[in-house]
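All values derive from a computational prediction rather than experimental measurement.
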Amino acid sequence: MADARANVVFEEQFLMYDAKPLAAIRYGHGPEVDPALDAFIEQLQSLGVTMAGCVQRRTPDGGSCCPISHLEDLASGSHTRITQPLGPGSTGCRLDPGALANAAEDLSRQLEKQPDVLILSRFGRGEAEGRGFRPVIERAVELGIPVLTAVKKRYEPEWEDFSADMAADLPADVARLMDWLLPQLPNHRQNSSTEQATR
């Protein structure tokens with residue numbers, strides 16, 4: 001009876017997220033989604049899931065009014081600085097468009113190796129305006145690679161226009177993120193089909 005109930009729960013979860021190649025964790029302010037993303041990435045690494053993508057890291061900069069932002073490449077572990085100061089006397093920083101463009105190009109090349117999933121820590125202003133990593137997301141969808149990102153409330157309208165009905169809304173919870181992704185992984189689908197056939 002317990003096994004049957006577990007199968008029903010799994011099938012309900014599969015139907016909920018099946019055919020949803022995109023998934024978004026929606027959030028309000030601050031980095032509250034980052035711990036869940038980090039834990040999710042760590043679990044995928046332990047399972048041998050191949051990933052493309054990048055997550056944003058920030059480190060204090062004693063000589064500046066804002067922290068230094070880097071993108072950590074999930075495949076290589078390399079860090080690329082994406083912020084630059086505005087100059088002497090400035091009270092802010094801005095994103096480096098050249099660094100972002102290079103990171104996007106690198107991710108596009110990685111997608112051709114067919115990773116299991118693409119993870120981007122943010123769908124932000126650039127993506128909302130059709131720039132940034134938006135072409136990378138589009139290419140991943142074309143290749144059938146699931147995409148997970150986080151969307152701030154202010155960019156929800158642009159995300160909804162972009163994703164249409166292809167996206168699942170997920171909480172910042174590792175178990176729910178796994179429920180969305182695992183059924184879409186080739187090895188998991190194959191194992192599930194074999195188990196069903198042997199019952």
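The two residues A104 and G132 have their closest heavy-atom pair at CB-O, 3.9 Å. Nearest heavy atom pair, residue A140 against residue L111, reads N-CD1, 3.7 Å. The two residues R57 and H79 make their nearest non-hydrogen contact at CG-CE1, 4.1 Å.
Applying the side chain to side chain contact (heavy atoms under 4.5 Å, CB included) test to E112 and every residue at least two apart in sequence or in another chain returns R139, L143. When the ring pair (Phe, Tyr, Trp, His ring centres under 6.0 Å) test is applied to F133, no partner is found at least two apart in sequence or on another chain.
Residue D169 holds its CG atom at 8.0 Å from OG of S163, rounded to the nearest 0.5 Å. Taking NZ from K152 and CZ from R125, the interatomic distance works out to 12.0 Å, rounded to the nearest 0.5 Å. Note that CG of L148 is 5.0 Å distant from CH2 of W180, once rounded to the nearest 0.5 Å. Note that OG1 of T80 is 8.0 Å distant from CG of N102, once rounded to the nearest 0.5 Å.
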(request) For salt bridge (charged side-chain N to carboxylate O under 4.0 Å, His left out), just list the numbers for D96 and R81, CA-CA rounded to whole Å, side-chain angles, deciding distance to a tenth of an Å, and then say yes or no. (result) CA-CA 8 Å; D96 182 340; R81 180 168 177 166; over 6 Å; no
(request) Given side-chain contact (heavy atoms from CB on, under 4.5 Å), test T149 with L22 step by step and report yes or no. (result) CA-CA 8 Å; T149 190; L22 303 176; over 6 Å; no
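Between I119 and I41 the shortest side-chain heavy-atom distance falls below 4.5 Å. Taking 4.5 Å as the limit, some side-chain heavy atom of L44 sits within range of a side-chain heavy atom of M178. Proximity of L177 to I25: side-chain heavy atoms (C-beta onward) are separated by under 4.5 Å at one or more points. Using a 4.5 Å cut-off on side-chain heavy atoms (C-beta onward), Y27 and R122 make contact. Within the 4.5 Å cutoff, the side chain of L107 has heavy atoms near those of the D73 side chain.
Between W159 and F123, the two ring planes are perpendicular [angle over 60°; tilted spans 30° to 60°].
Listed for the E160 side chain is no donor-acceptor partner under 3.5 Å among the backbone atoms of P157. Side-chain N or O atoms of K20 include none that pairs as donor or acceptor with a backbone N or O of P146 at under 3.5 Å.
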Show me the donor-acceptor pairs, under 3.5 Å and distance only, between side chains in residues 45-56 and residues at least two apart or in other chains.
unit_1, atom_1, unit_2, atom_2, d
S46, OG, Q43, O, 2.6
T50, OG1, D116, N, 2.9
T50, OG1, D116, OD2, 3.1

